[in-house]
J.: 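Okay, handing you the structure first.
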Amino acid sequence: MINITLPDNSVRKYEAGVTGLEIAAGISEGLARNVFSAKVDGEVWDATRPIGHDAHVQLLTWNDKEGKSTMWHSSAHLMAEAIEALYPGAKFGIGPDIENGFYYDVDTGDRVITDADLVRIEAKMKELAKQKQTYRRRDVSKQEALDYFKKKGDEYKLELINELEDGKITFYESGGFVDLCRGPHLPDTSPIKAIKLTSIAGAYWRGDEKRKQLTRIYGITFPKNKELEEYLHLLEEAKKRDHRRLGKELEIFTFSQKVGSGLPLWLPKGAELRERLESYLKKVQKEAGYQPVITPHIGNVELYKISGHYQKYGQESFRPITTPVEGEAFFLKPMNCPHHCEIYNHKPHSYKDLPIRYAEFGTVYRYEQSGELHGLTRVRGFTQDDAHIFCTPDQVKDEFKGVMAIVMKIFKALDFDNFVTQISLRDPDNKEKYIGTDENWEKAERAILEVAEETGLETVVVPGEAAFYGPKMDFMVKDALGRSWQLGTIQVDYNLPDRFELEYIGSDNEKHRPVMIHRAPFGSMERFVAVLIEHCAGKFPLWLAPVQAIILPISEKYHTYAEKVLSLLQSSEVRAEIDTRSEKTGKKIRDAELKRIPFMLIVGEREEADGTISVRRQGEGDLGTFSVDGFSELIREEIRKLLSDKN
Ligand SMILES: [Zn+2]
Ligand SMILES: [Zn+2]
């Protein structure tokens, strides 16, 4: 008999060789139907795999992340089986599950897979899934594995097998399809009810441009049709909100191949938007005791040797810039921290000077492969809303608190009310991986945990995820569609102060090392604006909207009055424009609605005579007649509410 410990810590006795599925059946029939796989001592196994020893077991269903992975990876096998049935002789690369669904890389020889094929494959998958095919695991020797795929003529699998250790190779069989795989898989295909193959892309075998290009087919499956429909709806919404599309429509940014890929060009409306975000943060930071600094875009290679960036990233970064002086070389700045350390070092410090908080909207450059670039979220040059705090170990907690207050303020001002905070700590079993003293680590980790507790934030604590130089806190924002984006980060660092020999004289008259805190509430301006566009679907909060109001004269006769309204609005700092086109008012309103301009101000005979404007709110309709001053006050009041600290 063996002891199985379940997640609620209850211990049950079973015959050795019991499976996750059998354990589930003992609990309830419903659970047994829904069990996809089982976590056995931290490793995900087939629910049908016998457990031979005492173990902690967690049964995984569709509601678990790993349960979804099991379903999607099993679906990749099902898709391969369908492809093999439809296109005999097809060869297969790899077929993993991914964040949303799965893919398989296939080589169908001269046959090109098209969208029409996807429909056929989907239909075949449904047919096969209904047969309730089981996924059977089998240990095979390396020779046996090689023989099988040699006979089948699949050079991709042969290459993979050649790299595996004999004795650790398993095959999985479902229907007539045999695959080299570690697993785990579903007990059978019956949970795969709703199937959608979403797209086709080219993918080099093993990511190597010199090797053959295979066809990567992406798909996703669900246990219920309704879930698939919801997912497709979300996908459609996401497409509408894609910041690359909206960024162009709203004239926020552009790219030019002549300038270079991954180098965003901010258009006037985007630059103004960014400036407003920056000046807002600058104001908040000034109130919180930050001091601005400015550093150049390049730095001597030696600087990055001291910081360690050269050793770590030198090979994958832009090549150094050389000068006519023999041996002199510079790097495009990949981060601002080393520069800020040298600013700290420009004079000696006493403990009374600390904390020192240097802030800079510092533009940095990092090489990314062209295939990795994506709109504003993955670029080669970007501006961090960076700051570095230098403080004593005893000040870490208060400083952390201060930074979090700034992050919360920003999230509120921008309407991100759904976010998760991840705290990354040291791996307690592997302390030698980290630098810095135990005492300081404990102090910093305790500080972060206490601050999180005191602020009542929902946090996920992940041991082992800390940077080697210190613990950190990351903010994952959920946008309006429920998608998670990693934005701000706060990191404690014991490493750079050591490397740059930063010091302060303590109250004991001895030299001490300050602790450094890196923080960027937005992350980068580029990424933040991208997330903001997708979150609000281009309908920016009023205080950020590039155009807050558009004046719509009902005919050319009222252009002079419109000009007058415009200049009044401008003098009360309302950002406004006039639509002078000779279009019908209805058409002008529709266009303004589409451009998501918050207010439309209609002016005609009556308004001119009364010195008023008729106000429409985007997405809402008529608000009635206002004096220009009254309207300006309405805008100011709304912005005040958004940016106030009160909820
Ligand atoms: Zn598999
Ligand atoms: Zn930094």
Side-chain angles (χ1 to χ4, degrees), residues 36-37 44-49 66 69-81 92-98 102-105 133-138 140 145 157 160-161 164 169-175 177-189 192 221 290 293 295 299 303-304 307-309 312-313 333-344 356-364 366 382-390 399 403 467 469-470 472 474 488-497 499-500 502 514-524:
F36 288 1
S37 48
V44 185
W45 282 21
D46 298 324
T48 51
R49 185 166 162 193
E66 293 106 328
S69 298
T70 303
M71 164 97 158
W72 287 335
H73 174 66
S74 303
S75 304
H77 279 246
L78 183 68
M79 179 170 80
E81 187 188 344
F92 299 91
I94 54 162
D97 56 278
I98 51 176
F102 58 89
Y103 68 76
Y104 218 126
D105 288 344
Q133 296 178 353
T134 52
Y135 290 90
R136 287 184 307 280
R137 184 177 200 271
R138 179 155 64 90
V140 288
K157 295 290 177 191
L160 296 175
I161 293 165
L164 295 175
I169 303 175
T170 50
F171 274 4
Y172 274 87
E173 192 172 345
S174 51
F177 180 70
V178 176
D179 207 347
L180 166 74
C181 190
R182 263 187 312 234
H185 302 88
L186 296 168
D188 62 62
T189 53
I192 308 176
T221 54
Y290 286 73
V293 293
T295 64
L303 179 75
Y304 301 110
S307 71
H309 292 122
K312 207 155 181 206
Y313 304 109
K333 179 167 71 175
M335 47 237 307
N336 307 298
C337 344
H339 289 71
H340 290 188
C341 285
E342 282 306 283
I343 292 182
Y344 179 90
I356 288 173
R357 311 179 187 95
Y358 293 140
E360 176 178 19
F361 284 87
T363 303
V364 296
R366 294 180 193 168
F382 56 94
T383 302
Q384 295 177 310
D385 54 323
D386 212 358
H388 294 98
I389 300 171
F390 302 90
E399 288 311 302
V403 176
Y469 50 76
K472 60 176 182 161
D474 296 308
T489 174
I490 316 175
Q491 307 186 348
V492 179
D493 184 358
Y494 302 109
N495 178 41
L496 285 187
R499 286 179 165 263
F500 281 92
L502 308 185
V515 182
M516 190 172 172
I517 297 175
H518 308 249
R519 44 110 283 177
F522 291 153
S524 83

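Counting starts at 1 for both ligands and their atoms, following the listed order. Since we're looking at a predicted model, the values are computed, not measured.
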J.: About how large, to 10 degrees, is the angle NE2 of H388, then the Zn ion (ligand 2), then SG of C337?
T.: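 Taking the Zn ion (ligand 2) as the apex, I get 110° for this pair.
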J.: At a cut-off of 2.8 Å, what protein N/O/S atoms sit near the Zn ion (ligand 1)?
T.: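 Result, waters dropped: H73 NE2, H77 NE2, C181 SG, H185 NE2.
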J.: A side-chain contact here means heavy atoms from C-beta on lying under 4.5 Å apart; do Y135 and R137 qualify?
T.: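 Sidechains of R137 and Y135: no contact.
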J.: Can you spot which of S37, S75, P187 makes a side chain to side chain contact (heavy atoms under 4.5 Å, CB included) with T70?
T.: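 So, applying the side chain to side chain contact (heavy atoms under 4.5 Å, CB included) to T70 and each of S37, S75, P187, only S37 qualifies.
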J.: How long is the straight-line distance from OG1 of T489 back to CZ of R519, given to the nearest 0.5 Å?
T.: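 The distance works out to 10.5 Å.
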J.: What N, O or S atom of H518 is found closest to the Zn ion (ligand 2)?
T.: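 Atom name of the closest N, O or S in H518: ND1.
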J.: Provide the closest heavy-atom pair for H185 versus D46 in the form atom of the first, atom of the second, distance.
T.: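 Nearest heavy atoms, H185 then D46: N-OD1, 2.7 Å.
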J.: To the nearest 0.5 angstrom, please state how far the CG atom of L186 sits from the OG1 atom of T48.
T.: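 Here the interatomic distance stands at 10.0 Å.
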J.: Does a donor on one side chain and an acceptor on the other come within less than 3.5 Å for D188 and T134?
T.: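 The answer is no; no qualifying pair exists.
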J.: Centroid separation under 6.0 Å, is that true for the rings of Y344 and Y358?
T.: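 No, too far apart.
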J.: Measure from the Zn ion (ligand 2) to each N, O or S atom of H340 and report whether any distance is below 2.8 Å.
T.: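 No, since none of the N, O or S atoms of H340 sits under 2.8 Å from the Zn ion (ligand 2).
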